Every structure is written in C-alpha cells, then in structure tokens.
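Keep in mind that what you see is a predicted model, and the values were worked out from it rather than measured. Atoms within a ligand are numbered from 1 in the order they appear, just like the ligands themselves.
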Amino acid sequence: MNYDVIIVGAGSVGVPTAMALAELGIKPLVIDMHPSPGQGENKHAIGGIRATHSTPGKILVCSRSLEIFAGWQQLYGDNIEWLQGGYVYPVYRPEDEQMLKGLLPVQKKYGLKIDYVEPRQIKALIPGINPAGLRGGVVSPDDGSISPLLSVNAFYKRALELGATFHFKEKITQILCDKSKVVGVATEKGRYETEVVVDAAGPFSLELGKTVDVDLPVIPDSHEGAITEPVQSFFECMVVDIRPAPGSKNYYFYQNKHGQVIFCITPDPPIIGKDKRETSIFLPQVCSRMVQLLPRLKNLRVRRTWRGLYPMTPDGSPLVGWNRQVKGLLHASGMCGQGLMLAPGVSEVVARMIAGQATEDDKIITKEFSPYRKFEEEEALK
Ligand SMILES: Cc1cc2nc3c(=O)[nH]c(=O)nc-3n(C[C@H](O)[C@H](O)[C@H](O)COP(=O)(O)OP(=O)(O)OC[C@H]3O[C@@H](n4cnc5c(N)ncnc54)[C@H](O)[C@@H]3O)c2cc1C
C-alpha cells in the first residue's frame, strides 16, 4: 500500500498530527505497537496544559494548543474535561521571584495574560497555602488541564472522520530508504510505501532513528505521578512549586473535575532509562513537600500511583524538523514533560511543513525546535 505520509506512533503527538494532516486533505497512515491510541506516554501525563513558558516558540505553540483544547467541546461536542483553572507559581525565594519576573516581558510580548501578584492573591487562589515566607507569585489564568485519555480519543475520532487510517498492534522495525531518501517503513507484519515518515515515536525516537543511522538526542527518563480519592473542590489552579529539595526539583498538582488531586515531581538527579515500575521513594518524597506547602492536603488518601517516561532532550525543548541526512523523515519528538500541551500546536506546524504552508510564526517555532540547534541553553520552565 502507498500512503502520502506515515506517522510512527499514535500518542500525544501522532494522533493530533494525523488529524491536522487530514484537515489539510493529506490522509496519513498511523502505526502504533500498542492496541489503541495514547497507550505510550500519553496516558501517564497528569493533564496540565499551559502556555506559560520562557521562549517564543513554546509560547506560540502552546497558546494554539490551549485554544484547541479550550474550544474543543463547543466545536466537536466531546467532553475532554477542559478546566481553565490557571497555573500558579507561588514564590518563597528571592531568586525565584527575580527569575519569574525576568520572564514576564517575553511572555507578555507573545500574548500571555500573566502577572506577578501579591501574597494575598496567591492565598485566595490556593486557600490554606503556607503563608510563612510567601513573597507572591506568578498567575497565568488562561492555562488549565484536560483528561489525556479523553482528549487523545477525541482527536482520534476526528482523525478517523477526516480519513486518516490507524494500524494498531504493529511495530515499525525499520524506516526504508533508497539513496538516503525515505521510501517506506517495514513492520513486523509487512511493508508500506511512502515518501514522508513523521517520527512521533516519543521515547522510542532514538531507536527509530537508529534504523537509518540517525542519532537523535532523545533520552527517556522516568517520572512518577499519583491521584487521590475525590473530594469537594477546594482549589482550581495547577500549583507549581519550583523550589528544589534534596532528591527533587519542582513538583506540581491540581484538583481535577472529579475532585481528585493529581500530582507529580521531577527527580534530581534524573532517573535515566525506560523502567516504569513504581518506586517506594516517590510518594513520601512528594507528599511531604505538598503537605508542607498546603497543609490541608494531609487528610487526602492516595488512590493510585504510576510511572512513565519523558522523552527528554538536552535543553528541555522538543525536536521538530526535517532530518538533513534522510530526505522525507520529519521529527516531531523529544516533547520532554510537555508533550500533551505542545502536541496540538506542534501537530499543526508539522502538517503545514508537509503541505508546504509554513507561516511566519512557524519559522520562529521551527528555528527554536530545530533538531540541529546547539542545545546550549536550558528552557527556564522546562
Ligand atoms: C508522570 C508524568 C506526568 C506528565 N504530565 C504532563 C502534563 O501534565 N502535561 C504535559 O504536557 N505532559 C506531561 N507529561 C509528558 C507527556 O506524557 C509526554 O511528553 C508525551 O506523552 C509525549 O508524547 P509523544 O507523542 O512524543 O509520545 P507517546 O505519547 O509515548 O507516543 C509515542 C507512541 O509511539 C509508539 N511507537 C514508538 N515507536 C514505535 C515503533 N517503532 N512502532 C510502532 N509504534 C511505536 C508508542 O507505542 C507510543 O504510543 C507527563 C509525563 C509523565 C510521565
């Protein structure tokens, strides 16, 4: 069979990319080794969606993602549990205040409704927050959260309606090339012809690239998440505590539409590798920090924990762009801990690149996300 485009992976990025391509009249084939959409890292995300970033490309892409998530139910009818609770970064240390205030000019320049506010406003948004040493914080009211499961399935349904094809339980074993030009893919079940392959393989991008001698800097590391029993709503925002502590960097949590508090933490040093078995370190580590910040969380019972992977890049920004060695291979990978919030926006950029319709904003985005950048600076809110 011959396809215009083959997408590797029906995850956070692959599914909306199929939808965006089909919107432009290009009907792709999406192949995933799992039995249904979102069974890779998509289902491990806690659902946070923000445009609060520190660089133009990420702000532009995620602003578009926010628009898509926020308007989805009204446009297409599916409830994806969009909750516009905003993101709040409470600040206790002068260096964090300085860093976050320093990002405001670029954030405002690229259209974010965001500000640094007084402790009293933070206390109103996070009732019961520990007031000792609270200096204020950044509030970004347009951000929010969604259900990863419901949104990837809503995108899947739309992609099917628009004519995309999906093959599940099929692993791509090789990108096929002729004279450094993509001619198709081989799977465990057969071969498919195409001139364009989109690498949306997430933590498996490195392996996929190796089939054509491409060395991509996507190194998976593992992160744990957890969800509590449901209780009456008592705060709406995503709370991000960016202070480091022994063994961890930032952690973040919010209360979803069902009243459950969902949370995760960034281990320090990172736990490199693909091990997805839960640890006994995570819960005591994150819970003690959360209860110190918001003591009233102490009575909540945790219902479930899980562990998943971030497809990490050296600087915490994604890799989006055509491969220079292999003609017809387009990377949309390395989403780090932000694949859910980046995906709908990135997918439209990718679709326009394939259709030859890149916009001026796309040029800013693809320059920032180029797989060939120098990886010299880390994104501040990665
Ligand atoms: C605990 C935790 C919390 C998180 N919270 C958030 C959050 O709040 N907000 C946010 O934006 N992000 C969050 N993330 C990050 C997010 O989950 C990832 O960035 C995102 O899912 C990556 O998307 P992806 O499409 O690149 O990869 P995936 O969703 O994993 O999709 C890749 C797909 O490719 C398939 N695949 C790979 N190789 C092959 C092959 N050779 N053949 C066939 N199929 C293949 C896989 O099976 C998989 O389905 C979180 C992650 C974790 C672990």
Side-chain angles (χ1 to χ4, degrees), residues 6-17 30-51 53 58 61-62 65-66 69 87 143-148 151-152 155 166-175 185-189 197-211 218 220-227 238 240 251-254 256 262-267 271 274 276 278 282 286 305-313 316 318-320 331-347 382:
I6 292 179
I7 300 173
V8 187
S12 304
V13 175
V15 175
T17 299
V30 188
I31 302 179
D32 201 294
M33 57 189 162
H34 288 300
S36 61
Q39 295 303 308
E41 297 319 311
N42 176 270
K43 69 177 181 186
H44 297 132
I46 70 166
I49 305 296
R50 63 177 156 104
H53 296 283
K58 268 195 179 176
V61 158
C62 289
S65 292
L66 272 176
F69 285 123
Y87 263 57
D143 297 339
S145 60
I146 46 101
S147 155
S151 55
V152 82
F155 297 158
F166 286 78
H167 287 190
F168 292 107
K169 292 191 191 169
E170 192 166 349
K171 183 170 181 179
I172 293 178
T173 50
Q174 173 84 47
I175 298 173
V185 297
T187 74
E188 290 156 332
K189 295 182 182 170
V197 166
V198 177
D199 156 24
F204 294 92
S205 278
L206 184 63
E207 274 99 322
L208 182 75
K210 280 189 179 152
T211 70
V218 179
D221 63 6
S222 65
H223 293 246
E224 288 177 84
I227 188 162
M238 175 75 82
V240 187
Y251 63 96
Y252 44 103
F253 60 94
Y254 73 105
N256 71 11
I262 316 186
F263 51 99
C264 58
I265 195 163
T266 306
I271 306 168
K274 294 206 185 92
K276 292 202 215 176
E278 296 89 345
F282 164 68
V286 67
T305 66
W306 64 90
R307 188 171 174 206
L309 308 175
Y310 282 14
M312 276 314 285
T313 62
L319 305 175
V320 179
H331 300 291
S333 182
M335 298 292 143
C336 306
Q338 299 159 359
L340 213 62
M341 59 185 87
L342 287 160
V346 159
S347 300
K382 75 186 171 95

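Atoms of ligand 1 lying under 4.0 Å from any heavy atom of Glu170, numbered from 1 in the order shown and given with element: 43 (C). Per-residue contacts place Lys171 under 4.0 angstrom from the following atoms of ligand 1 (heavy atoms of the residue considered): 42 (N), 43 (C). The distance from ligand 1 to the heavy atoms of His223 drops below 4.0 Å at these ligand atoms: 1 (C), 53 (C). Residue Asn42 has at least one heavy-atom neighbour below 4.0 Å for each of these atoms of ligand 1: 21 (O), 29 (O). Every atom of ligand 1 is numbered from 1 in the order shown, and the set under 4.0 Å from a heavy atom of Gly47 is 7 (C), 8 (O).
Between Ala332 and ligand 1, a contact under 3.5 Å exists for no N or O pair. Note: no N/O pair closer than 3.5 Å links Pro203 and ligand 1 by distance alone. Distances between N or O atoms of Gly308 and those of ligand 1 include no value under 3.5 Å. In terms of polar-atom proximity, defined here as any N/O pair under 3.5 Å, Tyr310 makes no such contact with ligand 1. Considering backbone and side-chain N/O of Gly339, one or more are found under 3.5 Å from N/O of ligand 1. Some N or O of Asp32 is nearer than 3.5 Å to an N or O of ligand 1, by distance alone.
Nearest-heavy-atom check against atom 24 (P) of ligand 1 across Thr211, Val13, Ile146 picks out Val13. Looking at Gly334, Gly202, Pro311, Gly337, it is Gly337 that brings a heavy atom closest to atom 12 (N) of ligand 1. The option with the heavy atom closest to atom 44 (N) of ligand 1, from among Met33, His44, Gln39, is Met33. Of the listed residues (Pro16, Gly38, Ser222, Gly11), the one carrying the non-hydrogen atom nearest atom 31 (O) of ligand 1 is Gly11. Summarising the contacts of atom 39 (C) of ligand 1 with Leu208, Val8, Ile31, the nearest heavy atom is found in Val8. Closest heavy-atom approach to atom 7 (C) of ligand 1 among the candidates Gly9, Cys264, Gly48: Gly48.
Atoms CZ and CD1, from Phe263 and Ile227 in turn, are 9.0 Å apart once rounded to the nearest 0.5 Å. Note that OG1 of Thr187 is 7.5 Å distant from CD1 of Ile172, once rounded to the nearest 0.5 Å. Put simply, CD1 on Ile49 and CG on Leu340 are 4.0 Å apart, with the number rounded to the nearest 0.5 Å.
Listed here is the closest heavy atom pair of Leu309 and Glu41: N-OE1, 2.7 Å.
Protein heavy atom closest to atom 21 (O) of ligand 1, with residue, atom name and distance, is Ser12 OG, 2.7 Å. Of the protein's non-hydrogen atoms, the one nearest atom 38 (N) of ligand 1 is Phe204 CB, 3.4 Å. Taking atom 6 (C) of ligand 1 as the reference point, the nearest protein heavy-atom neighbour is Ala45 CB, 3.5 Å. Given atom 17 (O) of ligand 1, the protein heavy atom at minimum distance is Glu41 O, 3.2 Å.
Residue-level proximity to ligand 1 for Thr173 is absent, since no heavy atom of it falls below 4.0 angstrom. Counting heavy atoms closer than 4.0 Å to ligand 1, residue Ala200 contributes backbone atoms (N, CA, C, O) but none from C-beta onward. When heavy-atom distances to ligand 1 are checked against a 4.0 Å cut-off, Leu309 comes that close only through its backbone atoms N, CA, C and O.
A donor-acceptor pair is defined here as one N or O able to donate and one able to accept, closer than 3.5 Å; no such pair exists between the side chain of Ser145 and the backbone of Gly47.
Listed by chain and number, the residues in a side-chain contact (heavy atoms from CB on, under 4.5 Å) with Lys169 are Pro35, Lys189 (sequence neighbours excluded). Take Tyr310 and apply the ring-ring contact (aromatic ring centres under 6.0 Å, His included) test, not counting sequence neighbours, and it matches His223.
Taking 4.0 Å as the cut-off between side-chain N and carboxylate O, Lys171 and Glu207 do not count as a salt-bridged pair.
Look at Arg307 and you'll find every heavy atom at least 4.0 Å from all atoms of ligand 1. At least one heavy atom of Cys336 sits less than 4.0 Å from an atom of ligand 1.
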*Could you walk me through whether Val286 and Phe253 pass side chain to side chain contact (heavy atoms under 4.5 Å, CB included), step by step?*
CA-CA 10 Å; Val286 67; Phe253 60 94; over 6 Å; no

*Take Phe282 and Ile265 through the side chain to side chain contact (heavy atoms under 4.5 Å, CB included) test and state the conclusion after the steps.*
CA-CA 8 Å; Phe282 164 68; Ile265 195 163; 3.7 Å; yes

